[in-house]
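Here's the structure, in structure tokens; my notes come after.
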Amino acid sequence: MPCSCYPSRYRRSVMKVYPDDPAAGLDPAGMQQLTFYALTHPERLPKITRFLAGRIQRDVVAERTQLAVIGVQAFDSLLQACHSSLSLFAVSLLRVVEMLLDAREHEFQIIGTNTFIKFAHIEEDTPSYRGDYSDFLERFSAMSWRMETPDLEVRLAGLRGLRAVIRKTVDSRYVNLWEQRHMDMVVPPLLANMDDAHPGPDGDHHDEFAAVDAADTEQSPKSLAVTCLKDLLSRASFGNIKSFLQPVFRHLDNFDHWQSGFMLDMFRTLLKLIQDQYAHVVVGELLVHLEQVHQQRGHKAKAGIIEALQLIVEIAAGGAMGPAVMDVFNQLLRHLRSSISEEPQTAEVEAEEHRFQEAIVSSFRQFSRHLITTTKTDVMTFIVGKLPTTKNVPSRVILLRCLLQVSTAHDRSAPLREALPPALMDRLLEVSIDEQPELRYFTQLILSELLSCAQDNELDAPRAVSENEAFVRQNARLHWHLFEAAAMEPADAKHLGALSTTLVILATQYGHTEAVDICRMALALQDLECADIALRDAFVSVLLMKIAKIRNITSLKRLLAQALEGHARILQHAEVIADTDLFPSVSRQSHGTQDGLEVVLNRREVARALASLPQIKEADVLVPYEHTAPKVKRRATAVELTMLASMTTTATQPTLFSELEEDKVTFLSLKQTMLTAGTASAGVSPVVDIPSTASAERVWQIAGTQEARRARYELIMMGPTTELFEEVTPQTSLSPKAVWNLTYPNIFSSESLV
């Protein structure tokens with residue numbers, strides 16, 4: 001019977017791997033014997049590894065580094081030789097790895113990481129020996145945060161360890177790496193190492209991200225971090241993308257990275273790694289995070305989030321919008337209106353909110369580029385439906401700018417009836433004659449984008465009427481509103497420039513009939529009275545010159561140049577309207593007193609010049625332009641009261657309102673009330689004299705003011721002239737006085753309406 005004090009064979013085999021001189025390293029002969037014994041007696045593996053683990057632990061505690069390294073090398077050799085029996089000693093192996101990672105010496109941490117990497121590369125036949133790797137994730141994550149230069153090796157080891165854990169568990173049925181607590185440990189250190197690089201001279205990180213594949217992966221923290229993300233996201237599914245994105249957003253919040261170049265380059269990298277069908281999930285989560293940032297008053301981060309959204313849509317194309325397209329636009333519009341309504345406390349906050357608003361406006365174009373025509377039209381109709389009815393000019397302007405961004409992505413080969421449905425056209429035309437020039441300006445920009453065709457139609461070639469031409473001819477209200485917009489006061493050069501673009505598109509892309517109508521409209525504008533005659537004449541000249549240049553009508557260009565000779569003020573206005581000098585060869589030196597006088601173009605000479613085109617006849621151009629209203633029935637509104645107020649004095653209004661407290665208001669009753677007001681009020685006369693025999697049209701012409709023009713538009717939209725005087729029920733159940741108080745609260749004092 002052997003003595004109990006004599007070591008067992010497995011212990012003797014383990015001791016033989018240690019040389020007499022630790023500096024000599026692992027004894028090859030002793031390691032060969034230990035390996036042979038372990039392979040021939042696999043039932044002894046648990047005892048061998050437990051004994052070896054105890055020896056390593058004692059050496060680590062005693063800081064015998066060389067002996068501890070020899071023990072770990074022996075463990076690695078056993079792992080490679082006996083990997084088929086890994087389940088017999090995996091617990092001991094992982095206990096050694098944990099002990100090494102917890103050591104203070106960096107060398108032990110690196111050695112332990114390398115051992116775990118070797119363990120992770122072995123396919124596990126039975127995963128029962130380890131059900132949770134949270135401890136290793138926590139340790140490797142902490143190592144990856146070592147940003148100091150002397151700790152670079154430890155940091156690289158931590159990233160390699162994270163990569164090993166990801167590869168070991170990402171597809172495991174027993175370990176859920178996608179739990180939020182695991183993602184919170186994995187994602188932040190990876191992002192921190194991706195950001196750990198000095199930007200280039202222009203402050204951009206993009207070149208380094210682009211060169212990740214070509215870099216030495218094992219020696220670059222950035223390359224290792226991207227490789228880890230690639231291993232992680234390549235196996236991501238729809239259900240676990242969200243758990244990955246939450247720590248990403250939190251990292252950008254904590255380090256204030258939403259306005260950095262790193263943020264954009266990081267999203268470029270992520271979108272290359274995420275499968276295309278999941279890009280819309282990123283968009284949805286960003287919008288959710290935008291709501292959270294808004295509630296927390298994170299002014300600086302909001303613009304960065306919108307920039308990230310634009311980048312995602314640009315890279316992922318149409319798939320980034322997902323099925324809820326309208327929901328995306330609705331949320332953006334809601335944030336936009338909220339930002340406009342807020343009152344910034346400081347100049348810095350105001351600047352950030354302005355940047356946020358501009359980012360949203362520019363994002364609409366990017367979002368719309370990848371939508372089909374019908375969806376773009378639905379989006380535009382949706383946006384125009386959000387235009388406030390109140391006189392909130394900043395809100396209306398910025399919504400029109402959003403609509404303009406969508407219209408610039410309009411498919412010009414699509415039929416006009418699809419790009420400009422009735423709901424969209426009616427609202428745009430209504431805004432096109434708004435009293436605010438800025439609103440009219442953006443509306444004309446939108447109309448010019450939507451009316452533009454893919455190709456110009458030649459006027460000198462006979463052809464059939466196209467579908468788009470038929471659409472324009474059937475919508476007579478388009479011409480009516482364009483003429484009204486040109487005649488509105490006060491005139492604005494910027495608005496007139498945009499209006500001229502719209503009219504030129506109609507004249508050059510929709511056949512010779514439209515060209516004739518637009519030229520007749522331009523000549524008819526000369527007959528209108530206006531405050532700035534020079535500006536009006538400049539607009540007419542610019543409109544005709546643009547048509548002449550596009551269609552190469554030399555005689556018309558010569559006629560305009562002769563008519564404008566010496567009219568420096570008109571030429572100056574023309575240059576502002578056209579945003580270029582259309583008359584470079586025309587002299588601006590005035591002769592006598594003609595500068596400042598109106599320029600009346602000879603109708604017959606203009607008609608003769610246009611008749612040089614084969615499809616245009618001189619007689620057609622000479623036909624007087626009739627500004628007839630579109631025959632669209634509509635209920636009467638409180639605008640009749642605007643007409644009434646423009647013809648009466650403040651002193652007569654209480655009497656007038658007392659006589660109009662009825663449920664039904666007609667044109668005849670309004671006319672009769674105005675006539676009575678001129679004689680019933682002692683010592684008070686109406687602003688204008690209205691003959692008792694005046695017809696309906698004459699009553700409106702007498703007023704001649706801007707308010708009367710708008711009132712005429714609203715009233716005439718009720719129907720044809722024969723039905724104009726029939727009783728109609730107002731849209732509201734309120735009395736006319738109440739409607740007036742709600743619609744025009746600042747025109748008259750409240751005391752005068754009591």
Side-chain angles (χ1 to χ4, degrees), residues 384 387 391 396 400 420 422 424-448 450-451 472-473 475-507 514 517-533 535-540 542-543 577 624-634 636-637 639-640 642-643 646 696-697 699-721 724:
V384 81
L387 285 174
K391 294 187 178 181
R396 299 172 73 186
L400 286 176
L420 207 56
L424 177 60
M425 175 182 280
D426 291 345
R427 192 71 177 100
L428 287 176
L429 294 180
E430 182 179 348
V431 182
S432 69
I433 57 173
D434 192 273
E435 60 186 10
Q436 294 294 332
E438 192 172 9
L439 298 179
R440 305 200 300 265
Y441 166 71
F442 283 108
T443 304
Q444 293 303 328
L445 292 180
I446 296 168
L447 287 173
S448 62
L450 296 178
L451 290 172
V472 172
R473 295 182 186 181
N475 289 273
R477 62 186 186 278
L478 177 61
H479 279 191
W480 191 90
H481 284 83
L482 293 176
F483 186 89
E484 285 289 315
M488 291 192 72
E489 298 280 349
D492 178 74
K494 187 170 68 170
H495 163 248
L496 292 178
L499 177 60
S500 68
T501 302
T502 305
L503 293 172
V504 168
I505 289 174
L506 289 173
E514 281 298 314
D517 289 343
I518 298 303
C519 292
R520 290 168 52 217
M521 179 189 299
L523 295 174
L525 289 172
Q526 293 185 122
D527 299 333
L528 296 181
E529 295 183 2
C530 61
D532 193 340
I533 298 177
L535 184 61
R536 179 206 63 189
D537 291 342
F539 169 71
V540 174
V542 166
L543 176 58
I577 293 174
Y625 183 78
E626 296 182 3
H627 181 47
T628 57
K631 305 300 183 181
V632 180
K633 292 189 176 182
R634 176 173 173 178
T637 66
V639 179
E640 291 98 331
T642 309
M643 178 61 205
S646 68
E697 290 298 325
V699 171
W700 298 118
Q701 292 172 4
I702 289 175
T705 61
Q706 186 61 42
E707 290 80 3
R709 184 183 299 280
R710 290 188 55 81
R712 182 166 67 256
Y713 158 68
E714 293 287 346
L715 187 58
I716 208 165
M717 291 290 284
M718 292 161 45
T721 306
L724 193 61

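With sequence neighbours excluded, no residue forms a salt bridge (Lys or Arg N to Asp or Glu O under 4.0 Å) with D492. Applying the side-chain hydrogen bond (donor to acceptor under 3.5 Å, both in side chains) criterion to R396, with sequence neighbours excluded, gives D434. A search for side-chain hydrogen bond (donor to acceptor under 3.5 Å, both in side chains) contacts involving S500 returns K546, not counting sequence neighbours.
Two residues are said to be in side-chain contact when any heavy atoms from C-beta on lie closer than 4.5 Å; L543 and L496 fail this criterion. Put simply, the side chain of S432 reaches to within 4.5 Å of the side chain of Q444, judged on heavy atoms. In this structure the side chain of L429 never reaches within 4.5 angstrom of the side chain of W480, judged on heavy atoms. Inter-residue side-chain proximity for I446 and V384 is flagged as unmet; no heavy-atom pair is nearer than 4.5 Å. The shortest distance between side-chain heavy atoms of L445 and T501 does not fall below 4.5 Å.
Q436 CD to M488 CE: the interatomic distance, rounded to the nearest 0.5 Å, is 9.5 Å. How far NE2 of H481 is from CD1 of I433: 4.5 Å, rounded to the nearest 0.5 Å. With rounding to the nearest 0.5 angstrom, the CG atom of L525 is 8.0 Å from the CZ atom of R536. Expressed to the nearest 0.5 Å, how far CD of E430 lies from OG1 of T443 amounts to 10.5 Å. To the nearest 0.5 Å, atoms CG (D517) and CG (L503) are separated by 11.5 Å.
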Inset, instruction - Test side chain to side chain donor-acceptor pair (under 3.5 Å) on H479 and E514 and set out the steps. - result: CA-CA 10 Å; H479 279 191; E514 281 298 314; 2.8 Å; yes
Legend entry - L400 and E438: CA distance, side-chain angles, deciding distance, side chain to side chain contact (heavy atoms under 4.5 Å, CB included) verdict: CA-CA 10 Å; L400 286 176; E438 192 172 9; over 6 Å; no
Legend entry - Verdict with supporting geometry, V504 and I518, side chain to side chain contact (heavy atoms under 4.5 Å, CB included): CA-CA 8 Å; V504 168; I518 298 303; over 6 Å; no
Inset, instruction - Could you give me the CA-CA distance, side-chain angles and deciding distance for F483 and L528, then say whether side chain to side chain contact (heavy atoms under 4.5 Å, CB included) is met? - result: CA-CA 11 Å; F483 186 89; L528 296 181; 3.8 Å; yes
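Scanning all heavy atoms of the two residues, the minimum distance from I505 to S448 falls at CD1-O, 3.3 Å. Taking all atoms of both residues into account, the shortest heavy-atom contact from A491 to L535 is CB-CD2, 3.5 Å. Minimum heavy-atom separation, L424 to L420: CD2-CD1, 4.0 Å.
Among Y441, F442, F539, the single residue meeting the side-chain contact (heavy atoms from CB on, under 4.5 Å) criterion with H495 is Y441.
Side chain of R440 to backbone of V431: no donor-acceptor contact under 3.5 angstrom is found.
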